[in-house]
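Atom set for the values below is all heavy atoms of this structure, side chains included, hydrogens, waters and symmetry mates excluded. So that the names make sense, note that chain A is the first sequence line, chain B the second, and so on, each numbered from 1.
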Amino acid sequence: MTIEEEVSKTLAELGVTEAPAVEALFAEVRAAMDSERQELVSRGAASSTEREKTAKALRDRWLGRKNGLLAHIDEKWLKPSSRELKPIVGRKFNELRQTSAQLEMEALIRDVPVRAKVNSSDPGSKDASFASTGQALSTATGTVAVTTKDSVAVEVTTAAADLTLPGYRRRLGSIHPITRVQREIEDIFLGLGYSIETGPEVETAYYNFDALNIPATHPARDDMDSLYVDAETVLRTHTSPVQIRALRKHGAPLYILAPGRVYRRDNPDASHSPMFHQIEGLAVDADITFADLKGTLDFFCRKFFGEKVRTSFHPTYFPFTEPSGEVSISCFVCDGAGSDAVGRSCRTCKASGWIEVMGCGMIHPDVLGHGGVDPERYSGWAFGLGIDRFAMVKYDIHDIQLFFQSDMRFLEQF
Amino acid sequence: MKISLDWLKEFVAVTAGPKELKTDLTNLGLGVESLAGAPSRITGQGEAGLPTEANPSAQVSGDTVFEIEVTTNRPDCLSHLGVAREVATLYRLPLKRPRIELKESPALTNGAVSIEITDPDLCARYCGRVVRNVEVKPSPAWLVRRLEAVGLRPINNVADVTNYVLMDLGHPLHAFDLARLRASKIIVRRARPGERLRTLDGVDRLLASENLVIADAERAVALAGVMGGEDTEISASTRAVLLESAWFDPVSIRRTAKSQGLHTEASHRFERGADIEMAPLALDRAAQLIADIAGGEILGGILDVYPAPRVRPEIPLGAGEIVRILGYDVPAGEVERILGSLGFRMVSRAASPTGREGLSSSPSGGRPGAWIVTPPSFRLDVAREVDLIEEIARHFGFDRLPSRLRVATRRIGEENLPVQAGRREKESAVSNLLAGLGFYEIYTSSMVDPEENARFTNRPPVVLGNPLSQEASVLRSTSVPSMLHALGWNLDRGRTDLRLYEAGKIYVAKPASAGRRESATKPGGLPDERRVLTLGMSGARRDASVHEPERALDFYDLKGGLEALIEAFEASRLGFAAEGCAYFEPGFAAKFLLDGQPLAIFGRLASRLAREYKFSRDVWLAEVDYDRLLELPLRARSFRPFSKFPAVKRDFSLLVPMGTPYERVAEALAGARDEEVQSFRPVERLPEGKIFPDHYSLLLRVTFQSATRTLTSEEIAGAGRRLVEGLAPLGVRLRS
Ligand SMILES: [Zn+2]
């Protein structure tokens, strides 16, 4: 049987069922390749055009993408091989491929004088003719030894370079997961035409609470236990004060996104940090309805968490919105099932199938009023979400403290 | 709030299973935090019968208890009646009210006790009833079961009844031992200066005049709406009970509860707003139950002091406004059913031609769609039309309302803030560039230790009034210590390849004298929040590999990084000064200046600090004034044609007098260059004296190229000669 015939049959058809037989078969192929290669090398004296032709034929025969012998071996021997034989066939096939890489190389290196000859026909170049006479070729950057004894050159090159060594790499840094998530969120809304607005982290109690319908006597003020500077100045407990500042500054219509750092008087643990990050979104216009809130946030959640995610809205209470809602998404890990295919409960959604992701609502008319916007003429919706929390959900991080520890073992993963 | 399903069924014939009910309650805004079987000893089934959330069917003969998260605006749902009303509306079921049948004795309450409110601003209503000849003893099993199901500890039958009514109807009650009230008198008043009261929890409390108290003829006997006093507590010897059912001002109760550090079931409800009309009903219910289980006789009539009966507002509601807010024309019948079932009174209002109703998109046109709505007394959260619309949306179902995506109609960046849109692009450019240079972004805490902060800057930090700890008691006014800690954290863990950056803020307090804010709404004295970009490096430029041995970072790694960063912007007037500041090692620090002002300061951390921070390796730092950098435009990308003619490189070996920095050489070269000199750069520097005394040797590589022709060797030689001649004033000469 010729090699061509052999590689057109599967191992089963060849009756090869055990590892030693596989080894013998590959040894046979390897021997054939070596002898053909030897033949090529021994033609050293023949004209370069003819050698080039032979080298190409040899390359096509072994390495041709579609009809090369290696392609056939891959197709007929490796892919359909039995589970028991696959490891040995795979290993032998890889060895063969590495050997054949030298075939490729020989052909390439033999190309050099051929190209030089083309160059030498260029009347502007005096140097190129040196190449074919075996002298040193001087260049602007250095000196390269070239010899017409091609087989020697091949051996020198292949012995010097172990191409399996790792590459010479520059280390890339990374962008913090919170920045990544913030940018991703911003990009979605910038695509919808929203603008980015910011406000101070050290905020007046008026902007942080009173203008948002949270007077000092309101029990909701306890829900956001704040760090304060003095009676009238707090570290903002949410990004919502930017709503008022932006409305006062720009008036309506207004479509903005306000990212930033916020603070609560919480002792740090795996799920709490006295410092975290939020994004506030807001749309105020002449005909904004609850439908816009739902449609926009549904679009946003699908863009951020994936198209197959579904959203659900349920009521809650915020002093600064009316009606107020919370958005849940169907779990993007278990697809809303609450458990995986074998019934293990899902960690991401705590087996509920849903993940609560943000708060939202129609802006309270009093808040629009505090922002200097006529609530009879304009209506609006707003949302607020925790960037850290989004990052935790997205990257499966279970300890918020990791964000602020600057540990390289964490940072390197982003 | 714990809600027992069995108890709920006394008000509404709910058939939904626990899991279904949990979902439906959540969709009404009554989030269920947990769902569990009631304690097993009550069901009499033993441990094995304990039902679980995963298997709700296990509790067929037991009860299910829902832990409901009631938002602060819905005190009415802090009771089984309130939750039942929501459930009844949801499932379109009737709400059953408890039947109260009192057997009153001919003797009158009025003769047994007197009630006076001297501070009606803090107590709008006070109702009292007396039950005589009671037998105080443990409660019957059904009552114990109910209380334990919702997490309350049984005490005695009288106290248990008041707690039962609290959980049942939501109205807090208090029971006094009538015999211990001096002169059988109740006076509702502010506490007197220095007045003391020993409350039921055994704490002796000093009262303030902002605390409202219930007093008898002589002394305070209860902290109104918060907790009773020990001395008038119901005991085994109590024979006559005075039941109190009142309505206290929410703000006052909240203040008292906060200042006394006493949060109770009663204060929790009063500070959110109790139902003023429920006061007499709750009283009757409690009296009836006490008579039932503790015996005794209920004296005739309620003593009800209610100086100014409350009137609920009349709120106009129009279909047009419902559409304007919800984007959906909820059918009028549905609106009326929902609000009616929730206890709102509605009357139709003729549509006025000028009213908003006229804009209604209703196709039928002729339907009324206009109401006057009166909210019930237990819904203090409803005061405006939009509050009514929320009720409609809640019960119609958020998920049933339509959804629409639309894009912004106005971009503020284009009109008012030309820099704003570009700012984000700049920030992205900076972080992408730094990541490309091998820097890892970090986020560090804004709250730091004031002493450490002060060692690195004299800018005043923002001091917190109620910090979590001394180590986090100010907002930093320098970012350097944060970076040092980040580097130290990783050095301690054996890392030798650190390049970190933080794009953060520092906070500089305004001096107190600088005219603090003009008004609360117009901030004048808020701190200065400045953005800083901080770079920190330590360890190897590149880890050892088969290709190259490890090489330590040096000054020029940091300088090169900063050059690349700044060159991403149009910074034409950039200067350089070889001086740092106190925390840098002298001789290893420098500044980049923009218009003479520092843009970046960088160098090696002073070795005394490196020792104090116990750094095992050199640490390199840079601080960039990020606000100023971001004000610069990003380097414009526009194409300039390059020369088609060959470039020729020539090396010049120069001898430069000691003490002449390269910067001076470069300036002289720039002044002397012909247009054929395309670029020059130093490629080798040998130290002073090595080649020639008092001179260092500098190998300069110059590229010559013309835009219009191929240069001849004579032209190149000429341009090179003129370049070297330009250096003569510095004493620089060619090495022969
Ligand atoms: Zn899941």
Are the side chain of B/Asn466 and the backbone N or O of A/Tyr228 linked by a donor-acceptor pair below 3.5 Å? yes

Would you call the rings of B/Tyr443 and A/His277 parallel, tilted or perpendicular, taking 30° and 60° as the class edges? perpendicular

Could you tell me whether a side-chain N or O of B/Tyr440 sits under 3.5 Å from a main-chain N or O of A/Leu172, the two making a donor and an acceptor? yes

Is it the case that the side chain of A/Asp287 and the backbone of B/Gly327 share a donor-acceptor pair, with hydrogens and angles ignored and the cut-off at 3.5 Å? no

Could you check whether B/Asp543 pairs with A/Arg169 (Lys NZ or Arg NE/NH1/NH2 to Asp/Glu carboxylate O, under 4.0 Å)? no

Please identify each residue that fulfils side-chain hydrogen bond (donor to acceptor under 3.5 Å, both in side chains) with A/Glu412, with sequence neighbours left out. B/Arg495

Would you find a donor on one side and an acceptor on the other, under 3.5 Å apart, between the side chain of B/Asn490 and the backbone of A/Ser406? yes

Please check this pair: side chain of B/Arg394 against backbone of A/Pro315, looking for a donor-acceptor N/O pair closer than 3.5 Å. no

Between the main-chain N or O of B/Glu502 and the side-chain N or O of A/His176, is there a donor-acceptor pair closer than 3.5 Å? no

Tell me, do B/Leu500 and A/Leu411 make a side-chain contact under 4.5 Å, heavy atoms counted? yes

If you measure from CG on B/Leu28 to NE2 on A/His314, what distance do you get to the nearest 0.5 Å? 11.0 Å

Shorter than 4.5 Å, heavy atoms on both sides: which option in A/Ser312, A/Ala211, A/Ser379 has the most such pairs with chain B? A/Ser312

Distance from B/Asn73 atom CG to A/Phe318 atom CZ, nearest 0.5 Å? 11.0 Å

Mind checking the CG-CD1 spacing from A/Leu293 to B/Ile325? Nearest 0.5 Å is all I need. 11.5 Å

Can you tell which part of A/Ala216 gets under 4.5 Å to a heavy atom of chain B, answering side chain, backbone, both or neither? backbone

How long is the gap from CZ on B/Arg411 to CD1 on A/Ile256, to the nearest 0.5 Å? 13.5 Å

Point-to-point distance, once rounded to the nearest 0.5 Å, from OG of B/Ser446 to CG of A/Leu227: 10.5 Å

Whether B/Arg424 side chain and A/Arg183 backbone form a donor-acceptor pair below 3.5 Å: yes

Let me confirm one number: the CE-CG distance from A/Met362 to B/Leu326, rounded to the nearest 0.5 Å. 7.5 Å

Please check: side-chain N/O of B/Glu529 versus main-chain N/O of A/Val202, any donor-acceptor pairing under 3.5 Å? yes

N/O donor-acceptor pair under 3.5 Å between B/Arg74 side chain and A/Tyr317 backbone: no

State which residue, out of B/Arg476, B/Arg531, B/Lys505, B/Arg530, fulfils the salt bridge (charged side-chain N to carboxylate O under 4.0 Å, His left out) condition with A/Glu201. B/Lys505

Ring centre gap for A/Phe290 and B/Phe398 strictly below 6.0 Å: yes

Charged tip of B/Arg542 within 45° of A/Tyr168 ring normal and under 6.0 Å: yes

In terms of heavy-atom pairs under 4.5 Å with chain B, which of A/His370, A/Arg170, A/Glu186 leads? A/Glu186

Please check: side-chain N/O of B/Glu441 versus main-chain N/O of A/Ile175, any donor-acceptor pairing under 3.5 Å? no

Toward chain B, the part of A/Asp210 with a non-hydrogen atom under 4.5 Å: neither

